[in-house]
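A note on names: the letters A, B, ... follow the listed sequences, proteins ahead of strands, and every chain is numbered from 1.
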Protein chains: 2
Amino acid sequence: MNFDQADALNEAIRAVGIRHRALAVAALAPMGIHPGHKLLLLELATGPRTQAQLAAASGYEPPSITESVRQLETAGLVVRRPSPTDARATMVELSDQGRSLLPKLKAAWRHVADQTVAGLKTTTVDHVIEVLTDLATGLTSTVAPTNDVPRYRAPRRRRR
Amino acid sequence: MNFDQADALNEAIRAVGIRHRALAVAALAPMGIHPGHKLLLLELATGPRTQAQLAAASGYEPPSITESVRQLETAGLVVRRPSPTDARATMVELSDQGRSLLPKLKAAWRHVADQTVAGLKTTTVDHVIEVLTDLATGLTSTVAPTNDVPRYRAPRRRRR
DNA sequence: TAAAATTACTTAGGCGCCTAATCTTAGGCG
DNA sequence: CGCCTAAGATTAGGCGCCTAAGTAATTTTA
């Protein structure tokens, strides 16, 4: 790939990421949550999860999960309780309030997607989805090449 | 757009952004710089700029530019001097050291792009670039609808 | 030409996500 | 059984970018 192509690609990805995130923040702010929270709430929509499962599903690191779950708990949207089978683990599930937020959440999420593709000139929505999922899939396997642990595992550098 | 489509789109954008950024960080770290710095250095490759011009070109907010330029100056890659024509403005330009870094920087940037598309299965590079630039262009105009000020201008809420 | 508005930059502080390191519990194995 | 390693969660601290708000200089305007 020549430099101009590479630059166009890199810059487009960066710009899309920034703009998309701004849209997501704006759409979710009225509900008092952030883009990272949204991902966890939708994951919890299909049942309780441990924090480790949430980390694996979201791609976020465990400390980020700890913090986000704490925020969601403070907001009254999720409940935490110890796992009955593993004393190390914490189960997280939606509260009634959290569950009742889901419809609005999904609507906001659709709105973000609509805004994202509203300005398309030369391509179609299906096109965009195909390209982006292909790109995302390829990138995920590139960055985290192990098969059974798809999430990125940070290298441990030093141990005291 | 239905919810599954919207979710696929949003998640793909999020995932691509995160992975791509991770690649960029890894590629630029050996040079001691971060993705945001790279953008500024390449912009400066074509000549001196004021910080306001850097903000407009990069899409970053002025305070972020202040901080990044300070870091680049500390690293010896750029030089700052007062504008001869506007006492408010600061001119930023590459130092010799900064200029000599450009080739390595461009190579790293190409490498990031290559890695980004290395895992493609169902689409081609040209395809990806077309879709992403279309998306980026559309999003930019959506988020910042004014014509002559393309960069996102944060709303001022309160003034004391 | 003085007041008002705008522009360039900075300081202060926040937020989301990260890595490093630690604590506790689980589970394999001699 | 008692190790020893791995796994779940957390604390501590860092980084990049943000918004809010302030100062100083310039341009607009009445």
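- Listed here is the closest heavy atom pair of B/V112 and B/A24: CG2-CA, 3.9 Å.
- Taking atom CG on A/L28 and atom P on C/dC15, their separation rounds to 16 Å, with Å as the unit.
- Residue B/E61 places its side chain closer to D/dT19 than to any other of D/dT19, C/dT11, C/dA8.
- Proximity of B/Q71 to the phosphate of D/dG16: a side-chain N or O atom is located under 4.0 Å from OP1 or OP2.
- Along DNA chain C, the nucleotide nearest to B/Q53 and the one nearest to A/G36 differ in position, and the one closer to the 5' end is contacted by B/Q53.
- Out of D/dC17, C/dT19, C/dT11, the shortest distance to the side chain of B/S64 is found at D/dC17.
- When the C1' atom of C/dC18 is taken as reference, atom CD of A/E67 falls 13 Å away, rounded to whole Å.
- When the P atom of D/dC17 is taken as reference, atom CD1 of B/I33 falls 12 Å away, rounded to whole Å.
- Distances were taken from every side-chain heavy atom of A/P62 (C-beta onward) to each of D/dT10, C/dT10, D/dC17; the shortest belongs to D/dT10.
- Comparing D/dT11, C/dC9, D/dA9 by their closest approach to the side chain of B/A89 singles out C/dC9.
- Listed pair B/R80 / C/dT10 meets the phosphate criterion, a side-chain N or O lying under 4.0 Å from OP1 or OP2.
- Between B/R70 and C/dT11, a side-chain N or O to OP1/OP2 separation shorter than 4.0 Å is present.
- Taking atom CD1 on B/I18 and atom P on C/dT19, their separation rounds to 11 Å, with Å as the unit.
- When the side-chain nitrogen and oxygen atoms of A/T66 are compared with OP1 and OP2 of D/dA9, none of them lie within a distance under 4.0 Å.
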Q. For DNA chain C, what is the dot-bracket line, given that a base pair needs Watson-Crick (N1 to N3, plus N6-O4 or O6-N4) or G-U wobble (N1-O2 and O6-N3) geometry with both distances under 3.5 Å, and | means paired with another strand?
A. ||||||||||||||||||||||||||||||

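- Of the candidates C/dT10, D/dT10, C/dG16, D/dT10 carries the atom nearest the A/Q51 side chain, counting heavy atoms from C-beta on.
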Can you give me the N/O atom pairs linking the protein to nucleotides 24-27 of chain D at distances under 3.5 Å, or say none if there are none?
residue	atom	partner	partner atom	Å
D/dT26	OP1	B/A87	N	2.9

